[in-house]
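These notes are about the structure you will find just below.
For clarity, every value in this text was computed on a predicted model and none was experimentally measured. In the text below, chain A, chain B and the rest are named by the order of the sequence lines, each starting its count at 1.
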Amino acid sequence: MNMLEESECLLKGWTVEILATDLNDRSVETAKAGIYGDYALRKTSDYYKRKYFSTVDEKRLEVRPEVKKLIAFNRLNLQDDSKMLFMKSMDLIFCCNVLIYFDGASKSKVINHFFSNLNFGGYFFLGTSESLMKLNDQFHLIHFPGTIAYWKPSLSRGKL
Amino acid sequence: MIIPSFTATIRERVQRIETMPAIPAVFLPLLKLLSNSAEEVKVDEVVRLVSYDSTIAAQCLRVASSPLFGVARPPKSIKGAVMSLGLRRVETILLTCCLGQAFPAKKWVLDPVVFWRHSLGCAMVCRKISEKLASADGEKAYMAGLVHDIGFMVNCLVFSKEFAPVMERACQEGIPLDEVEQATMGFTHCETGRALAEKWKLADEIIEVIAHHHALEDSQKGQPLVALVHLSDLLCRMRGLGYGYYERHKVDLIADPAWAILLQEYRDLEGVDLARFTFELDEAVEDIHALVSTVFGPAPART
């Protein structure tokens, strides 16, 4: 939705593709359906609700097709090296509250995959209270106003 | 670089500050005490100084009860506070209260509540980082963080006409205040703050922090302390403890030259998990807001 909002401004001329994955088939199906209740939407503004959702019933809203069509939903095991190796050219990766279930060695392996999946200058976002400390020293920790992300430095080692 | 004629103007206007706000009588003697080493300071002397001013004493006890100072049982007397918190910490609490009394929340170009949240937030961050570094002086770091931006007070008090458009442009365009100050006024809060700090005869290291926290390369002495405040200031501005507007920029604290300066002095900085530290700071933000209301809210009537 943010991407669509910026499609005529910051992202004018961009082609946006989003890949959404989970290990669990049922979770992927739920995500595909795009139906959300009150609690899930408690922080979504009325503007977004009106513009990008349609009403299912009194308590539920469904994401509109023009948003859904930007997203490919797939089942993926982050520990499946053969699949992870072939995912390239990502600009942004979001992986929130997933790595907390992995042991140290598996975490490091997945994070190294993410590093190589990203384009130079791309960003990786973790969940609140997660950290890459002692897991990876190639990413740079970047503070944005109100959020933090991990940056894969540009080849030129230029400024941010 | 600052034009020499500005230096004269700043000095002349800073002279007016002395007579403006009601600086508590204990403030300047306390500053002098703080510049001595801990062994030279007598507990009784601090208690005696504070007992002159019951408002400050009461406020100091309220502040000492804040979760940010982490005491199990809130102290009932200044001497009790010294026993449970340690003399150095009580001194910094007193300094915090005195500044709050000296410059109460009035209608300023820069909202005083926002200003004090940033200053107190920065002081806390400086102290918390220091606590993770074995040989750092946490209370000195706290004081440096607390007063690093006093130049904004000077701007609000005696340069309000010049500072108002700076604030307006920074808010509109989301750019750092010091950049707009330099472009618009030809000098920054670092120069006005330095003039006040010199007048107050603050310790040289603290003056360095006030004068150079935005331009470390110009700092001759006290480099690690200046670097610590520089980093804490940036971190606060990224975590909702800035100047009350959205700054459109991003920072790489570990790649900042200040990080290297600090690391050279304190090798254990390498073990600090900056991401977790940031989340810890987020949890303390509400406490910082509460503390600002206690210290810098409308002053109770003096008795």
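- B:R248 is linked by a salt bridge (Lys or Arg N to Asp or Glu O under 4.0 Å) to nothing, counting only residues two or more places apart in sequence or in another chain.
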Using distance only, find each side-chain donor-acceptor pair of residues 169-180 of chain B under 3.5 Å and give its atom names and separation, not counting sequence neighbours.
residue : atom : partner : partner atom : Å
B:R169  : NE   : B:E173  : OE2          : 3.3

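- Within residues 127-139 of chain B, no residue has a heavy atom under 4.5 Å from a heavy atom of chain A.
- Under a 3.5 Å cut-off, the side chain of B:R239 and the backbone N or O of A:P145 do not form any donor-acceptor pair.
- Within the 4.5 Å cutoff, side-chain heavy atoms of B:F279 are placed close to those of A:I148.
- Options B:L253, B:D282, B:D273 differ in how many heavy-atom pairs under 4.5 Å they form with chain A, and the most are formed by B:D273.
- Summarising the local packing, NZ of A:K49 is surrounded by more than 12 heavy atoms from other residues, nucleotides or ligands at distances under 6.0 Å.
- From B:R276, atom CZ reaches atom CD of A:E130 across 8.5 Å, with rounding to the nearest 0.5 Å.
- Remark: A:K83 NZ is loosely packed, at most 12 non-hydrogen atoms of other residues, nucleotides or ligands lying under 6.0 Å away.
- Heavy-atom distances place no part of B:E283 under 4.5 Å from chain A, backbone and side chain included.
- Within 6.0 Å of atom CD in A:E17, 12 or fewer heavy atoms from other residues, nucleotides or ligands are found, so the atom counts as exposed in its surroundings.
- More than 12 heavy-atom neighbours from other residues, nucleotides or ligands sit within 6.0 angstrom of NZ on A:K88.
- Residues B:L274 and A:H143 are in side-chain contact: their nearest non-hydrogen atoms beyond the backbone lie under 4.5 Å apart.
- The OG1 atom of B:T278 sits 6.5 Å away from atom CG of A:L141, with the distance rounded to the nearest 0.5 Å.
- Atom CH2 of A:W151 sits about 8.0 Å away from atom NZ of B:K250, to the nearest 0.5 Å.
- For chain A, no part of B:L234 is nearby; none of its heavy atoms comes within less than 4.5 Å.
- Within 6.0 Å of CD in A:E58 there are 12 or fewer heavy atoms belonging to other residues, nucleotides or ligands.
- By the 6.0 Å contact criterion, NZ on A:K51 is enclosed, its count of non-hydrogen atoms from other residues, nucleotides or ligands being greater than 12.
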Which atom pairs, donor and acceptor, lie under 3.5 Å between side-chain atoms of residues 25-32 of chain A and protein residues at least two apart or in another chain?
residue : atom : partner : partner atom : Å
A:T30   : OG1  : A:R26   : O            : 2.8

